[in-house]
Number of protein chains: 2
Amino acid sequence: MGQRDAEATRARILAAAVIEFAAHGHSGGRIDRIAREAESNVRMIYAYFGNKSGLFDAALSDAIRRMAEEVPPRPTELPAWVGELFDFHQRRPEVLRICLWAQLERPEAASEPLETYLAKVESLQEQASPAISAVDLLVIIYAVAQAWQLAPVGLLSADGRASHETRRAAAVEVVTRILI
Amino acid sequence: MGQRDAEATRARILAAAVIEFAAHGHSGGRIDRIAREAESNVRMIYAYFGNKSGLFDAALSDAIRRMAEEVPPRPTELPAWVGELFDFHQRRPEVLRICLWAQLERPEAASEPLETYLAKVESLQEQASPAISAVDLLVIIYAVAQAWQLAPVGLLSADGRASHETRRAAAVEVVTRILI
DNA sequence: CCTAAGTAAGTATCTATTTACTTATAGGCT
DNA sequence: AGCCTATAAGTAAATAGATACTTACTTAGG
């Protein structure tokens with residue numbers, strides 16, 4: 001790398017880390033691979049992020065921030081929102097993957113960017129009913145948007161006529177019916 | 001171990017493997033820990049299961065079989081079924097955990113016990129509607145039953161008045177509304 | 001010319017898998 | 001019944017390759 005640019009190097013490392021950790025998780029992710037892929041150096045990773053866990057947490061926060069920015073909550077149009085979440089997970093499966101890894105491998109880190117979630121809860125408050133609280137509603141909406149990414153591929157391929165659109169429509173329909 | 005009993009040793013290893021892999025996954029799970037915890041020996045693991053992946057797959061199949069036996073599908077009473085699935089995941093979180101690890105680390109293995117799922121799909125066929133196919137319905141029901149296990153703990157603890165019962169009721173209510 | 005950015009080559013530890021060995025036990029033989 | 005032995009069950013220790021993290025050094029640029 002001819003020029004020296006700390007910010008750019010840091011950004012390349014972070015981007016490579018998101019990809020690597022989304023693919024292999026914290027324990028399976030390899031520092032050397034990240035360094036190579038970022039066209040940087042192992043030493044730089046430790047300079048910028050301290051250690052492997054620090055890098056993982058930074059990658060996780062980055063991914064969650066992206067999701068919160070790209071798909072902001074729409075408390076008055078929840079069916080439309082679940083559709084956008086569904087699309088997002090198809091478009092960027094690495095974000096859900098890194099969140100799942102975090103939930104399994106570092107649950108304490110997974111709760112870190114909590115304000116993001118709590119803000120959403122507040123805005124959902126008025127949609128809550130005696131049967132389903134605001135938090136539960138948020139939990140369910142996320143689960144429905146992610147459902148197809150969590151299903152074993154073999155099961156999904158059993159549905160010959162299924163497509164992105166039919167699944168998206170099913171997710172939207174579910175949330176519509178929940179709110180009635 | 002005074003007595004020699006191949007079956008018993010194999011069973012102890014498998015039980016220890018389920019616990020270890022549910023906690024740390026395929027890549028994070030340690031063969032030595034499994035051998036120690038099973039009060040057996042590294043060599044025996046290789047004798048019975050070939051290699052680490054063979055042991056992981058055996059542990060996964062064992063966990064899925066247990067779930068299929070303990071919570072058989074009830075195609076005509078889906079809301080009741082989702083309630084039982086919800087209870088099961090609270091009671092045995094390790095089953096969902098090992099399935100998630102498999103989905104992330106060895107997706108090809110995760111689809112292996114496919115007949116189990118496909119049988120359920122057939123029985124759900126009559127509940128399907130133009131908006132939601134049988135496969136999609138199954139995918140959604142699983143997702144709702146698991147939803148609270150996938151949510152970050154910080155989000156869940158934000159709901160002060162929530163309990164096992166209120167969440168279970170919310171899951172059942174959701175499926176009830178979906179089917180109308 | 002001093003500081004921050006970058007590089008290359010270790011090191012110490014860990015970990016899956018193997019090798020070489022010991023011991024219990026079932027079942028045939030006398 | 002009691003002995004003998006082939007085989008399966010079990011153990012301990014080595015090996016070979018990774019891998020997170022460090023140390024000691026070089027170079028660009030304000």
Side-chain angles (χ1 to χ4, degrees), chain A residues 1-62 98 101-102 104-106 108-109, chain B residues 1-62 98 101-102 104-106 108-109:
Chain A
M1 301 295 89
Q3 323 305 347
R4 296 188 160 194
D5 184 338
E7 263 317 303
T9 303
R10 211 192 107 101
R12 284 203 317 279
I13 291 174
L14 196 57
V18 170
I19 292 172
E20 174 74 9
F21 286 132
H24 304 107
H26 176 268
S27 141
R30 295 292 168 248
I31 294 283
D32 299 49
R33 253 188 325 236
I34 294 171
R36 179 152 28 87
E37 219 58 35
E39 302 195 74
S40 178
N41 191 285
V42 172
R43 182 64 186 78
M44 289 291 95
I45 290 178
Y46 288 88
Y48 290 135
F49 299 96
N51 55 26
K52 191 185 189 182
S53 297
L55 179 57
F56 181 90
D57 293 354
L60 173 68
S61 292
D62 191 63
I98 206 169
W101 287 114
L104 288 169
E105 298 186 289
R106 321 196 76 237
E108 72 284 0
Chain B
M1 300 292 85
Q3 322 305 349
R4 295 186 161 195
D5 184 338
E7 263 316 302
T9 303
R10 210 193 108 101
R12 284 203 317 281
I13 291 174
L14 196 57
V18 170
I19 292 171
E20 174 74 8
F21 286 132
H24 304 107
H26 176 267
S27 141
R30 293 292 169 251
I31 293 283
D32 300 51
R33 261 195 309 245
I34 294 171
R36 179 151 28 87
E37 218 58 33
E39 302 194 72
S40 179
N41 191 284
V42 172
R43 182 66 186 77
M44 289 292 94
I45 291 177
Y46 287 88
Y48 291 135
F49 299 97
N51 56 25
K52 192 186 189 181
S53 297
L55 179 57
F56 182 90
D57 293 353
L60 173 68
S61 292
D62 191 64
I98 205 169
W101 287 114
L104 288 169
E105 299 186 288
R106 320 196 77 238
E108 71 286 358

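Here is how names work: the chains are called A, B, and so on, in the same order as the sequence lines, proteins then strands, and each is numbered from 1.
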With R33(B), which residues qualify under salt bridge (Lys or Arg N to Asp or Glu O under 4.0 Å), at least two apart?
E20(B)
Just the rounded figure in Å: distance from P of dA8(C) to CZ of R36(A).
13 Å
OP1 or OP2 of dA5(C) sitting under 4.0 Å from any side-chain N/O of T9(A)?
no
Taking OP1 and OP2 of dG6(C), is either one under 4.0 Å from a side-chain nitrogen or oxygen of S40(A)?
no
With heavy-atom distances below 4.5 Å as the criterion, would you say the side chains of L14(B) and Y48(B) are in contact?
no
Could you tell me how far apart Y48(A) (OH) and dT7(C) (C1') are, to the nearest whole angstrom?
13 Å
Is the shortest heavy-atom distance from the side chain of F49(A) to the side chain of R10(A) under 4.5 Å?
yes
In whole angstrom, what separates M44(B)'s CE from dA24(C)'s C1'?
13 Å
To the nearest angstrom, the CD1-C1' distance between I45(B) and dT11(D) comes to 13 Å
Check: L60(A) and R106(A) side chains under 4.5 Å, non-hydrogen atoms:
no
May I have the distance from H24(B) (atom NE2) to dA16(C) (atom P), rounded to whole angstrom?
12 Å
N41(A) CG to dC25(D) P, in whole Å, measures 17 Å
Separation of atom CG in L55(B) from atom P in dT15(C), rounded to whole Å
16 Å
Polar side chain donor-acceptor pair, H24(A) to S27(B), under 3.5 angstrom:
no
Could you tell me if the side chain of E37(A) sits less than 4.5 Å from the side chain of I19(A), heavy atoms only?
no
Could I get a table of every N or O pair under 3.5 Å where one atom is in the protein and the other is in nucleotides 17-21 of chain D?
residue: dT19(D); atom: OP1; partner: R30(A); partner atom: NE; Å: 2.5
residue: dT19(D); atom: OP1; partner: R30(A); partner atom: NH2; Å: 3.1
residue: dT19(D); atom: O5'; partner: R30(A); partner atom: NE; Å: 3.2
residue: dA20(D); atom: OP1; partner: G29(A); partner atom: O; Å: 3.3
residue: dA20(D); atom: OP1; partner: R30(A); partner atom: NH1; Å: 3.1
residue: dA20(D); atom: OP1; partner: K52(A); partner atom: NZ; Å: 3.1
residue: dA20(D); atom: OP2; partner: I31(A); partner atom: N; Å: 3.3
residue: dC21(D); atom: OP2; partner: Y46(A); partner atom: OH; Å: 3.1
residue: dC21(D); atom: OP2; partner: K52(A); partner atom: N; Å: 3.0

Quick one: F49(B) CZ to dA9(D) P, roughly how many Å, whole number?
13 Å
